[in-house]
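Below, read A as the first sequence line, B as the second, and so on, with proteins coming before strands; counting in each chain starts at 1. Computed from a predicted model, the values in this text were never measured in an experiment.
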Protein chains: 2
Amino acid sequence: MNIIDEIGILAISTRLQRLSEQLRKDGAQIYAYNNIDFEPKWFPVIYTLHVKEMLSVVEIANEIGYSHPSTISLLKELEKQKIISSKKDKLDERKRLIILTAKGKELVVKMQPVWEVMSKALNEITNTQNNLLKAIEEAEENLTRQGFFQRALELKG
Amino acid sequence: MNIIDEIGILAISTRLQRLSEQLRKDGAQIYAYNNIDFEPKWFPVIYTLHVKEMLSVVEIANEIGYSHPSTISLLKELEKQKIISSKKDKLDERKRLIILTAKGKELVVKMQPVWEVMSKALNEITNTQNNLLKAIEEAEENLTRQGFFQRALELKG
DNA sequence: CAAAACTACGTAGTTGGCTACATATATCCA
DNA sequence: TGGATATATGTAGCCAACTACGTAGTTTTG
């Protein structure tokens, strides 16, 4: 039993990160094993474009919950892989509109069964007595109502 | 409502990381607000040393669940801050034994009330219908029994 | 309708974790 | 007991997120 497990709550940020990293790495392995040239971090962008078809850079960033510079670097990778393409918005010349290429759309089709298996496996792992996904959602909701910092302020009085 | 929230499980790694980052940042703000020169990432090391008094580098790494190089870089920072000090183990010259300095011990005392408030606030946030900390523990346990990759293999058949 | 404010995108540089590799010491076993 | 193996530490460099800042185009407003 290590200490971090004992003190729990104060190191929760550390533990969230550790778990995230573990799942990410295994996810990468699963794609590799299935001969799919795909990285877990691309999933949010690809899936978003699969559903919404065409979006600007900042719109994607908002959808996936990343900063826009992070999103730009993801998009660069995906463009290099020819999974997405982009063009300037004629109505608003500041915007760059992103869509999946034919290759990108094929990739989505190819990945569907893998995603299904991954979903099942992840559910096995996370759908326990305390459902991890729901716990995350509930925590996020609480944070939206009032942030960690604000709560600490009030508790201190 | 953004897409990542809808697809949930497949982006769980992303969401864990996002939540972790959010809590870490607010944590830093709380220390700053209380005029304590301390970073959230130092917590696991400091707390470990507070409890165990004297440990080697690798022992600390194991306790906090980090790789030893990451631990070394944390220790370097803490040594620079004069929060910890270290000496060679006379019985095993490979080892470097780490302890809290007087300043480090004072810091722990000073931080106790802040930690208490933080614990309470974190409990408000995470102790919902599905307790986040317990959900993490349960997921980690499941992963120990069988990894994500192995599960996906078996489900695929 | 021009100046101010705002929005979209991009680049540069930081951060906090990691793996891979190198070296020194300790332990084990033929 | 000395050569192979294992362990402890350290360095270098990678990676994927971030913030801060700059530029260009759009919208608002006095």
Side-chain angles (χ1 to χ4, degrees), chain A residues 4 11 13-29 38-45 54-81 84 86-98, chain B residues 4 11 13-29 32 38-46 54-81 84 86-98:
Chain A
I4 297 303
S13 168
T14 291
R15 297 186 66 184
L16 288 167
Q17 202 177 331
R18 222 199 284 177
L19 185 53
S20 162
E21 181 63 10
Q22 204 175 344
L23 293 174
R24 198 196 53 74
K25 260 189 242 163
D26 265 24
Q29 236 188 312
F38 194 76
E39 296 182 28
K41 67 176 163 165
W42 295 345
F43 176 80
V45 172
M54 180 174 341
L55 292 173
S56 72
V57 174
V58 167
E59 281 164 350
I60 293 174
N62 290 337
E63 287 292 336
I64 69 177
Y66 278 14
S67 68
H68 82 268
S70 307
T71 305
I72 286 169
S73 84
L74 282 178
L75 293 176
K76 267 187 192 161
E77 281 180 55
L78 289 167
E79 204 147 19
K80 206 170 178 181
Q81 300 282 328
I84 62 163
S86 65
K87 61 168 200 268
K88 193 166 263 193
D89 183 343
K90 277 166 196 162
L91 299 177
D92 184 342
E93 299 246 304
R94 293 168 308 176
K95 289 189 185 173
R96 188 157 68 94
L97 297 174
I98 319 288
Chain B
I4 297 303
S13 168
T14 292
R15 296 184 67 184
L16 288 167
Q17 204 178 327
R18 221 200 284 176
L19 186 52
S20 163
E21 180 65 10
Q22 204 176 343
L23 293 175
R24 198 196 53 74
K25 258 188 250 165
D26 265 22
Q29 233 189 312
F38 193 76
E39 298 183 25
K41 65 176 165 166
W42 295 345
F43 176 79
V45 171
I46 294 295
M54 183 177 335
L55 291 173
S56 72
V57 175
V58 167
E59 281 165 348
I60 293 174
N62 290 337
E63 287 293 337
I64 68 176
Y66 278 14
S67 68
H68 82 269
S70 305
T71 305
I72 287 170
S73 85
L74 282 178
L75 293 176
K76 267 186 192 160
E77 281 180 53
L78 289 167
E79 204 148 17
K80 204 169 179 184
Q81 300 282 329
I84 63 164
S86 65
K87 62 166 196 269
K88 194 167 262 192
D89 183 343
K90 277 166 195 161
L91 298 176
D92 184 343
E93 298 247 304
R94 293 169 306 177
K95 288 188 185 174
R96 189 157 69 93
L97 297 174
I98 318 289

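- Side chain of V57(A), nearest nucleotide from dC18(C), dA17(D), dC9(C): dC9(C).
- Each of dT11(D), dA17(D), dC9(C) was ranked by its minimum atom distance to the side chain of Y66(A); first place goes to dA17(D).
- Annotation: side chain of T14(A) is not in contact with side chain of F43(B) (no heavy-atom distance under 4.5 Å).
- Comparing H68(B) and E39(A), the nucleotide of DNA chain D nearest to each residue sits closer to the 5' end for H68(B).
- When side chains are defined from C-beta on, L55(B) does not count as touching I98(B), because their heavy atoms never get closer than 4.5 Å.
- Straight-line distance from the CD1 atom of I64(B) to the C1' atom of dG16(C): 12 Å, rounded to whole Å.
- In this entry the distance linking CG of L74(A) with C1' of dG10(C) reads 15 Å, nearest Å.
- The listed nucleotides are dC9(C), dT9(D), dT19(C); the one nearest the side chain of V58(B) is dT9(D).
- When the C1' atom of dT14(C) is taken as reference, atom NZ of K41(B) falls 11 Å away, rounded to whole Å.
- What separates CZ of R18(A) from C1' of dG16(C) is a distance of 15 Å, to the nearest Å.
- For S70(B), taking side-chain heavy atoms from C-beta onward, the closest of the listed nucleotides dA17(D), dC9(C), dG17(C) is dG17(C).
- Residues passing the salt bridge (Lys or Arg N to Asp or Glu O under 4.0 Å) test with D89(A): none are found, sequence neighbours excluded.
- Note that CD1 of I72(B) and CZ of R96(B) are 7.0 Å apart. Values are rounded to the nearest 0.5 Å.
- Distance CD (Q17(B)) to P (dC18(C)): 12 Å, rounded to an integer number of Å.
- In this structure, CG of N62(A) is placed 10 Å from P of dC9(C), rounded to the nearest angstrom.
- Rounded to whole angstrom, the span from the CG atom of L55(A) across to the P atom of dC9(C) amounts to 10 Å.
- Counting any heavy atom pair closer than 4.0 Å across all strands shown, S56(B) reaches sugar-phosphate atoms only and no base atom.
- Look at E21(A) and R18(A) and you find no salt bridge, because none of the NZ, NE, NH1 or NH2 atoms lies under 4.0 Å from a carboxylate O.
- Using a 4.0 Å cutoff on non-hydrogen atoms, the parts of residues 87-97 of chain B near DNA chain D are R94(B), K95(B), R96(B), ordered by number.
- A heavy-atom distance below 4.5 Å is found between the side chains of I64(B) and L74(B).
- Taking the side chain as every heavy atom from C-beta outward, K41(B) and R24(B) never approach each other to under 4.5 Å.
- Summarising the geometry, the separation between CD1 on I72(A) and P on dC21(D) is reported as 17 Å, rounded to the nearest angstrom.
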